[in-house]
Every structure is written in structure tokens, then in C-alpha cells.
There are 2 protein chains.
Amino acid sequence: MPATIYDVATHAGVSISTVSRVVNSPQGVNPATRFRVQRSIEALGFVPRADATARARRLHRQVGVLAPFFTYSAFVQRLRGIASSLSDAGYELVVYNADTPEHIHAYLHSLPLLRRLDGLIIISLRLDDMLAVRLRASGLPVALIEATHPSLSGVDVDNREGGRVAGKYLMAAGHRQIGFVGGDYAVGDYTLRTSQLRLQGLCEVAEAAGVQVQVPALPANSATREDAQQQAFELLARSQPPTAIFAASDTLALGVLRAARERNLRVPQDLAVLGFDDLEFAEYIGLSTISQSLEVSGRQAVELVMAAMADEQTLPRHVQLPLHVVRRETA
Amino acid sequence: MPATIYDVATHAGVSISTVSRVVNSPQGVNPATRFRVQRSIEALGFVPRADATARARRLHRQVGVLAPFFTYSAFVQRLRGIASSLSDAGYELVVYNADTPEHIHAYLHSLPLLRRLDGLIIISLRLDDMLAVRLRASGLPVALIEATHPSLSGVDVDNREGGRVAGKYLMAAGHRQIGFVGGDYAVGDYTLRTSQLRLQGLCEVAEAAGVQVQVPALPANSATREDAQQQAFELLARSQPPTAIFAASDTLALGVLRAARERNLRVPQDLAVLGFDDLEFAEYIGLSTISQSLEVSGRQAVELVMAAMADEQTLPRHVQLPLHVVRRETA
DNA sequence: CTGAAAGCGCTAACAT
DNA sequence: ATGTTAGCGCTTTCAG
């Protein structure tokens, strides 16, 4: 059994308060006593147990991340930012995998009551007003990533603007027939419709310039590479196929690339392909894409929860990250 | 403030013990009383606080994962398996990102003493005897992934055999000049040398068949795509370049693929490329590779820690996962 | 079947 | 400067 604060106190011939003090505010204790206690601490290998400390302080030094987990690789990128900021701040990261609406619901309702977390970061989940307000009232500091809500702090990007940026970029390269491939990952009522927004942005600028946007007839209610491939096949089979395709995510772009290869289309000469996200593999495969600074969004979210943790009354803050196209080889 | 067990007790006119009983072992409580208490629980929205319960039970329902985090995407795949098994078992997952030897050291020494975790899964870290024995003695149930040690449970694959499998596969396809591209991600003394082992396996079977293995002159002390690309360039510039390259990981294979493209080599006609890991993107890009069932390894590790948690005295178990080649388009 | 009371290992007033 | 003591919110003997 590891040593407790009582063992140290006995060993050093002082009270537990003194031991606690030399651990937490050494300056307030007599140097001689402090030294003696420190020796005892080392001799016994004493380390305050995190749970006992957490309980007494009512501070757990853990923040949670709730997300429709590995279904979408952008998650990992954001998590990387979260993890490193959190660890810099001396907090642990606990991950809640929520792939189904039921799981999400359960977590969202129990997490605040369990009181094990100092803060919670919610990724890529649309929250309705009731839930947002309830979370806000629960006392558990929250920050959103990708989704936003007036009553909760959040980081996001302007997805519609992302679509515009993509459209302008492709038009500037001379394309007059632009295809779109998209789909959102569905998690019931929590589903975020970023793909839709990106399409809207694309349409806006295309329409203004008199350029055609071709959207697959297939329902875009999924976000896998396979779906994207099918969508691309459909587009490419048309009488006047697009010369460029904007995919709503890098993962989907992979499907488009594959479709192009199977149809023996050269990229970007025969078909330009532009993704969205700038995932790690995008650089690897030379995919041109719209970067949304995923890692930064994670860091920002940590700042936001921290702010909420520091002052529960503080007003929600919203930050919008910039978007920019990363030109590589596919468009 | 959320309701406590005292509030419920008062509300129902019973003692806290009774409330605790209806929550934890309802069958031992008079149905009438139980019903009354249950009504109070619902009325007050009582949920036992996880930290208080954890403290009283000395069971936190959290297991940690320590790994040189996002440096290697195989991590994510394994984490997926861990996360889902853990959540099935009603445990939370806390992630410790340890990119530097210092961090790793610090975590390995503090985690057992902090006593916040019920178990720990350590990924891709070589532990020396002293550390392994110390961990074993610490009382914190541990399971290793990718590394193994006699005194700790672990899941791994036979990396040397992986190299053999790769070599045989490539030779069966007729290759007589096989290149190798490799490198291990370095984390000081904790560095695992799987790339080396895979190379050894390759050399074994190649030698036995009188086939040349070409290894880059560059020191392979890194594991990035860029390094792999440089290594591949070097190999391809030789007077008798390899007709196939075995990359020690899928990520490295990406670099080889890139090098091939820049040299205008058709894959697999001019150059066959075989990876290792079977990461998610391998399927996307049609990369032939050696699968090592990453997700399964995560699930297995959870089983191992759970076993260790159930009985601290239990002997360490070691499981070795099978390897198989996944034939796709690059080899 | 139910209640009283002793922990769990700390921190943080409050005393001295 | 240091010690005493009351929590923190549960679980779990031990009595009754």
C-alpha cells in the first residue's frame, strides 16, 4: 500500500495539515519543518492520491470529449490539439465515444450529474435549444466544436463560405462545369449538416458567375468513401460531365479520386478534385483541399472550456476559424 | 446543486443506507420502501456522483491508455477497439499523450501512485525489466500492446514473421530485387524496433531464396512519409533498382508511392509496393499491405487488463495476433 | 429489513 | 507556524 498523508505526518512528527501545506503551499511553512517533511515524503514515496485530492478540492483535473468518434478522421486531428493543450494545462483527457443518438443522449444527460468532469468539449454534434440550455444550466462548463449555439461557447468555421472559396478557386482555374459530392454522417437529431452548407456556398458563387453545379441524384445521407465514389460515377457518366469536383470532405475526395482512376481520368487534367478539411493524408497524397485548421480548433476549444471553468457566469464566446485553400496536385 | 443521497433519504424518510441499497441491491429492500425511495430518487433527479462512489468503492471505472500518441495512425485504429470494448464494459477511457521520453517516464511513474485508474493499457512502448517489474508490483493492472514483457500481459504480432510473409508474397509474384523502406518512431529508450524485425524477416526468406534485398544507405531512424520518399528515391536511383518495395508501415508506403509517381513509375507494373498495418486509408487508396488486426488488438488488450483487474495475482497472459496479406492494387 | 457509524485520503477553514 | 476538525458523498460492516 502506498503511503498516505497520515503516514508522512507520523513519520515527520507533524500533523497532516502541515504535510498538506508543504505539498501545496510550501512557502507558508517553517523551512526546518518543511525540510523534515520533504524528507519523509521522499522516504515514503508519498504522492497524494488524485481522487482524494479531487474530492476535497472539488476539482478533478479531467475534461471530457464527447464525439461521434472515429467515424470521421477529422476527429483525430482535433483531438490532437485538445490533448496537447489539455496536458499543458495539467488536465487529463477522457474520451466518450458516442456513435449512436442513444449513446449521445445518455452521455449528455448523465455527464453533468456524474460530476466527474471539470469541463466538456462536444465535437460535431448539433444540440437543440433545450439541450443547450439545460447543459448551460447544469453547471458543467462546455465548449462546442464545429457546431455552435448561442448559450454555449464554441469554435467553428463558416461552412457556406468554405463552399464559396472552393467555387471561386475552381472557377478561377477555368472550370465551368463543377460537380459536388457530399454527405453528412448521420447521428439522428444530432446530425450536423455541414456538407449541405458547403454545397450552398458553392452554388451561390457558381450561380452568380453563370456556372453549372452538378449534384448527384443519389441521396447524400451518408459520408463514406464508397458513397462518394458512386456519386462521382454518376456525375462522370452524364452527357456533359463536370471538369472539376468539389468534395465536401477529404475522405469523400478519396472516393472521387478512385472513381477518376477507374474511369481512366487523369487528375487534374481531365478532372480536378478539391477536398475539404486538410486531413493528414491529404498532404501525403497531394490532395488539394480547403483547410479548416482542425488542430487549432481543438486548442481553441480548450481555451473556451478553461474560460468557462474559471468563471461559470462568463458569457459564451464564439470563435470562427479562417478557411484557406491548400493548393496541391489535384486541383 | 444536484441532489445527494442525503436529500433522497430525507425526502423518503429513510436512512442513506437504504437509499444506497435501493440503488445498488434493490432486491434486499422491502418492496414498499423501495418503491417509496425510487419515487424520491426520481423526484429529486438523484444520480450518485461518480467520484464519491469511486472513492467509497475504491473502483474508478476508468482505464487509461498511454501511447506515443498521434505520431502514428495505427494508434487510432487500436484506440477504436479499446474505446468500444471499454465502453461495453462500463469503463471510461482516459488518454495520456506521451510523445517524449520524459513524458512517458513521468506518466509511468506517477500513474500507479495517483490511483485514479483501475487499469492501464500501454501502446507501442518498449519497457525495460526494471520498469516492467515495478509496474507489475505497483498494483496497477497493465496490458501492453505491440510490446511485450514476461511480467506483464500483452498483445502483439510476430513482426519478423510479418517480414517473411511480405517477402514470400513478393517473391511469389516473381520479384527478384526487393527493396525495403523502414524506420521506427523514436522515443528514446522506449523505442520499439518493429521496423528492424520486419526487415530481418524479409531478409531471412529472401536469402533462403537467393533474392536480393536492397536497403537504403540512409539511416532509418525516423518514420515519416518524407523519409520514406527519400529512401525510395535512393533505391530507385540505383543501377539495378528494385522491382518491388516492402515498406515497414502503410504510412511509409505512402512515401514510396509518391516517389514512384514522381519518377513516373507505374504501380504495380514498374514497381510493386507493399505496406504493413492495413490502416484505414490503405483500403481507400488500394494499397496492398500486411494486416495486423489493429482494432482487434485493442479489444484483446481490454480483455487482458480486465483479467488483471479481476485478479491482481493472475499470471500475465500473452496473445499473439495473426498476420495476413491483404491484396489490393499496388502489389 | 433497516439504521448508525466508520471509513475512503485529502483540503481548508478555524483555532491556537 | 502548526494543529484540530469538519467536511466531500458515497459504500459497507455491524447492530438491531
Side-chain angles (χ1 to χ4, degrees), chain A residues 1-38 40-41 44-62 90 110 112-118 139-140, chain B residues 1-38 40-41 44-62 90 110 112-118 139-140:
Chain A
M1 271 295 128
T4 71
I5 199 172
Y6 294 94
D7 301 329
V8 177
T10 305
H11 188 274
V14 297
S15 75
I16 59 166
S17 322
T18 300
V19 179
S20 177
R21 283 191 196 96
V22 345
V23 171
N24 300 299
S25 43
Q27 71 288 6
V29 42
N30 182 303
T33 322
R34 186 202 314 169
F35 188 69
R36 198 149 39 87
V37 173
Q38 273 161 344
S40 297
I41 287 178
L44 302 181
F46 169 68
V47 175
R49 304 194 187 177
D51 65 327
T53 307
R55 225 162 129 45
R57 286 220 178 98
R58 253 145 291 172
L59 186 87
H60 303 88
R61 303 208 76 91
Q62 289 193 332
S110 64
L113 296 171
L114 256 12
R115 313 225 119 206
R116 152 171 282 185
L117 262 23
D118 300 317
L140 176 63
Chain B
M1 273 292 129
T4 72
I5 199 172
Y6 295 94
D7 301 329
V8 177
T10 304
H11 188 274
V14 297
S15 75
I16 59 167
S17 321
T18 299
V19 179
S20 177
R21 283 191 196 97
V22 345
V23 171
N24 300 299
S25 43
Q27 72 287 8
V29 171
N30 181 303
T33 320
R34 185 202 316 168
F35 188 68
R36 196 149 40 87
V37 173
Q38 273 161 343
S40 297
I41 287 179
L44 302 181
F46 169 66
V47 175
R49 304 195 188 178
D51 66 325
T53 306
R55 227 164 128 44
R57 285 222 180 99
R58 253 146 292 171
L59 185 86
H60 302 88
R61 302 209 78 91
Q62 289 193 331
S110 65
L113 297 171
L114 256 11
R115 313 226 119 207
R116 156 171 280 187
L117 262 24
D118 299 316
L140 176 62

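Worth knowing before you read on, the calculation uses all heavy atoms, side chains too, and leaves out hydrogens, waters and symmetry mates. Chain identifiers are assigned alphabetically (A, B, ...) following the order of the sequence lines, protein sequences preceding nucleic acid strands; residue numbering begins at 1 within each chain.
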Take the protein atom CG of A:Asp7 and the nucleotide atom P of C:dC8, then report the distance between them rounded to whole Å.
11 Å
Just how far, in rounded Å, is C1' of C:dC10 from CG of B:Leu113?
16 Å
Would you indicate, yes or no, if D:dA1 has its OP1 or OP2 atom less than 4.0 angstrom from a side-chain nitrogen or oxygen of A:Thr18?
no
Main chain of A:Arg115, side chain of B:Arg49: is a donor-acceptor contact present, judged purely on distance under 3.5 Å?
no
Within the 4.5 Å heavy-atom criterion, are B:Thr18 and B:Thr33 side-chain neighbours or not?
yes
Validation row: B:Ile5, B:Val23 side chains within 4.5 angstrom (heavy atoms)
no
Would the distance check show the side chain of B:Arg36 and the main-chain N or O of B:Ala12 forming a donor-acceptor pair, the cut-off being under 3.5 Å?
yes
If I take atom CG in residue A:Leu59 and atom P in nucleotide C:dC10, what distance separates them, rounded to the nearest angstrom?
16 Å
Runs of at least three Watson-Crick or G-U pairs with DNA chain C, cut-off 3.5 Å:
C:1-16 with D:1-16
Taking CG from B:Leu114 and P from C:dC10, how many angstroms apart are they, rounded to a whole number?
11 Å
Nearest-0.5 Å distance, CG of residue B:Asp118 to CZ of residue B:Arg61
8.0 Å
Please encode protein proximity along nucleotides 7-16 of chain D as a string of B, S and -, counting only heavy-atom distances under 4.0 Å.
BSBBBBB---
Residues passing the side-chain contact (heavy atoms from CB on, under 4.5 Å) test with B:Ser17, sequence neighbours excluded, are B:Ser15, B:Arg21
Quick check against the 3.5 Å criterion: does A:Arg55 have a side-chain atom that pairs as donor or acceptor with the backbone of B:Asp51?
no
Are side-chain heavy atoms of B:Thr10 and B:Asp7 found at a separation under 4.5 Å?
no
